[in-house]
Protein chains: 2
Amino acid sequence: MKDITPQQNKVLDCIKVYIKETGFPPTRSDICKEMGFKSPNSAETHLRALEKKGFISIASGASRGISIIGEDSYKESNNIETDNYPIIGLVAAGSPTLASENIEKQVSCPSNFFGSSFDYFLRVKGLSMKDAGIMEDDLIAVKKTHEVRDGDIVIARIDDEVTVKYFKKPAQDTVILEPANDDFSNIEIDLKSEDLFIEGKYIGLIRES
Amino acid sequence: MKDITPQQNKVLDCIKVYIKETGFPPTRSDICKEMGFKSPNSAETHLRALEKKGFISIASGASRGISIIGEDSYKESNNIETDNYPIIGLVAAGSPTLASENIEKQVSCPSNFFGSSFDYFLRVKGLSMKDAGIMEDDLIAVKKTHEVRDGDIVIARIDDEVTVKYFKKPAQDTVILEPANDDFSNIEIDLKSEDLFIEGKYIGLIRES
DNA sequence: TATTTTACTGAATATATATACAGTATAATA
DNA sequence: TATTATACTGTATATATATTCAGTAAAATA
């Protein structure tokens with residue numbers, strides 16, 4: 001019963017934008033102007049629906065008494081849940097550690113930008129994941145984790161070589177790192193004789209053109 | 001003349017606290033309750049003084065129309081300009097206008113995220129730019145402009161069809177929209193007989209996986 | 001199929017609220 | 001010393017605003 005409808009979501013966004021721009025919440029009439037409604041009751045019913053579903057609270061009797069629930073309404077409306085993330089250069093050899101010598105720079109980015117959380121950006125070298133839309137110099141958001149599943153795009157390290165590939169585990173002791181580019185071959189790792197370290201998992205991508 | 005008096009400072013603080021706790025600014029009467037005033041005019045005059053000194057702005061005629069100036073504390077302290085950008089669904093037909101019915105939602109993003117400024121995000125449909133690493137459902141940051149150069153990736157509209165392609169202008173009256181996928185063909189437009197509207201230019205890309 | 005939910009228009013109204021006006025008093029400034 | 005700014009009380013009022021009631025219509029759900 002907590003599903004927000006697309007229209008209700010628009011109203012919610014319009015409230016957030018209004019607060020961001022004016023510093024205070026809109027009236028029913030303001031919402032009508034923004035949304036193109038002709039009756040204040042259109043806004044009212046949407047507000048009551050949003051209240052019922054727990055997205056906002058409405059102070060009874062008060063004008064502009066809307067506040068956004070979840071986080072600090074102020075933070076929410078301004079999306080202040082922003083963090084700084086390091087960009088790490090994917091050097092041909094070497095672990096993508098967070099050591100300062102590997103950090104290109106820090107960028108600010110809302111922490112919920114890709115739905116799930118992540119820890120750093122990695123600058124991609126090479127075109128081995130080209131068919132997955134991952135191009136040279138792209139920044140991929142990486143979540144540090146060892147728990148990866150078949151089909152995930154992972155950041156893996158073999159000896160000192162760091163690579164981004166599809167993860168497949170056909171047998172207990174075998175991992176296949178599969179590129180998304182016909183010009184490259186699968187890397188098959190026998191865990192009994194070789195070391196494989198999963199640095200993390202691909203969460204999202206940013207390209208500065 | 002910008003010195004705040006101790007009492008005015010108390011009123012300012014009380015407004016900040018009120019906003020933090022309720023999510024919206026106080027009325028004159030609310031300030032009276034908090035401060036112990038017996039006349040709404042006590043609050044009013046303090047507000048006007050604070051406005052005159054540049055600490056707040058007061059929206060005329062609006063209830064609770066107080067907003068605190070310079071209070072984007074995060075922006076202040078981190079010097080990051082974050083803005084809300086609309087995500088527009090690239091419908092197969094139709095202009096990617098900013099009309100609310102086309103806006104999927106708003107996302108917060110540092111305004112200098114891609115180096116140059118941009119105006120909105122467009123959700124990509126289809127794989128015609130696959131080899132440029134632009135995949136289905138990617139969000140591309142679009143700068144509204146008509147000034148595009150050969151080789152730019154542009155958001156173009158022919159009649160009501162919106163498309164993302166490489167822009168090439170081999171002759172005065174000819175534009176070629178070139179896909180980045182061998183499965184698609186070039187679109188050649190004779191400007192003398194056909195209409196072409198450049199909605200904007202590709203600035204960057206985000207992929208939520 | 002009947003019922004509920006969503007998504008509105010349109011009108012009416014009690015009240016919440018900004019805001020002006022009339023005073024009083026003290027401290028700071030010119 | 002005259003003037004201005006600060007810091008209030010107290011009253012009044014136009015209007016901004018929430019909120020209820022009466023409908024219509026389409027889509028989703030049971």
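Residue numbers begin at 1 in each chain, while the letters A, B, ... track the order of the sequences.
Between C/dT6 and A/Thr5, no contact under 4.0 Å exists linking OP1 or OP2 to a side-chain N or O. B/Ser29 has no side-chain polar atom (N or O) that falls below the 4.0 Å cut-off from OP1 or OP2 of C/dT17. Between B/Arg28 and C/dT17 there is no side-chain N or O to OP1 or OP2 distance below 4.0 Å. For C/dA7, the OP1/OP2 oxygens have a side-chain nitrogen or oxygen of A/His46 closer than 4.0 Å. Close to C/dT19, at under 4.0 Å from its OP1 or OP2, lies a side-chain N or O of B/Arg48. Between B/Arg64 and the phosphate of D/dA16, there is no side-chain N or O to OP1/OP2 separation shorter than 4.0 Å. At least one side-chain nitrogen or oxygen of B/Gln8 sits closer than 4.0 Å to the OP1 or OP2 atom of D/dA7. For the pair A/Ser39 and C/dA11, the criterion of a side-chain N or O lying under 4.0 Å from OP1 or OP2 is not met. The phosphate of C/dT17 has OP1 or OP2 within less than 4.0 Å of a side-chain N or O from A/Ser63. Regarding contacts with the backbone of D/dC8, a side-chain N or O of B/Gln7 is found under 4.0 angstrom from either OP1 or OP2.
Residue side chain B/Asn41 does not reach the base of D/dT11 through any donor-acceptor N/O pair under 3.5 Å, judged by distance alone.
B/Phe167 and B/Tyr202 have their aromatic ring centers separated by at least 6.0 angstrom.
C/dT6 atom C1' lies 15 Å from atom CG of A/Leu47, rounded to whole Å. Atom pair A/Lys52:NZ and C/dT4:P shows a separation of 12 Å (rounding to whole Å applied). As a whole-Å value, the separation of A/Ile58 CD1 from C/dA16 C1' is 16 Å. Spacing between atom CD of B/Glu51 and atom P of D/dT6 amounts to 14 Å, rounded to whole angstrom units. The interatomic distance linking B/Leu50 (CG) with D/dT6 (C1') rounds to 12 Å, in whole Å.
Nucleic acid contact for B/Thr27: sugar-phosphate only, since backbone atoms but no base atoms lie under 4.0 Å from a heavy atom of the residue. At the heavy-atom level, A/Ala62 lies under 4.0 Å from the strands shown only through sugar-phosphate atoms. Note on B/Glu44: a base of the nucleic acid sits closer than 4.0 angstrom, heavy atoms only.
In terms of position along DNA chain D, the nucleotide closest to B/Pro40 lies nearer the 5' end than the nucleotide closest to the other residue of the pair B/Pro40 and A/Pro40. Remark on DNA chain D: of its neighbouring residues B/Met35 and A/Gly65, the 5'-side contact belongs to B/Met35, judged by nearest-heavy-atom nucleotide.
B/Arg123 contributes a side-chain N or O that, together with a main-chain N or O of B/Asp137, makes up a donor-acceptor pair within less than 3.5 Å. Formation of a donor-acceptor pair under 3.5 Å by the A/Asp150 side chain with backbone atoms of A/Lys168 is not found in this model. Within the 3.5 Å criterion, the main-chain N or O of A/Gly133 finds a donor-acceptor partner in the side chain of B/Arg207.
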Does the side chain to side chain donor-acceptor pair (under 3.5 Å) test come out yes or no for B/Thr174 and B/Lys169, once each step is laid out? CA-CA 6 Å; B/Thr174 312; B/Lys169 193 166 187 176; over 6 Å; no
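Between B/Tyr18 and B/Arg64, the closest side-chain pair of non-hydrogen atoms falls below 4.5 Å.
For B/Lys38, counting side-chain heavy atoms from C-beta on, the closest listed nucleotide (D/dT19, D/dT9, C/dT19) is D/dT9.
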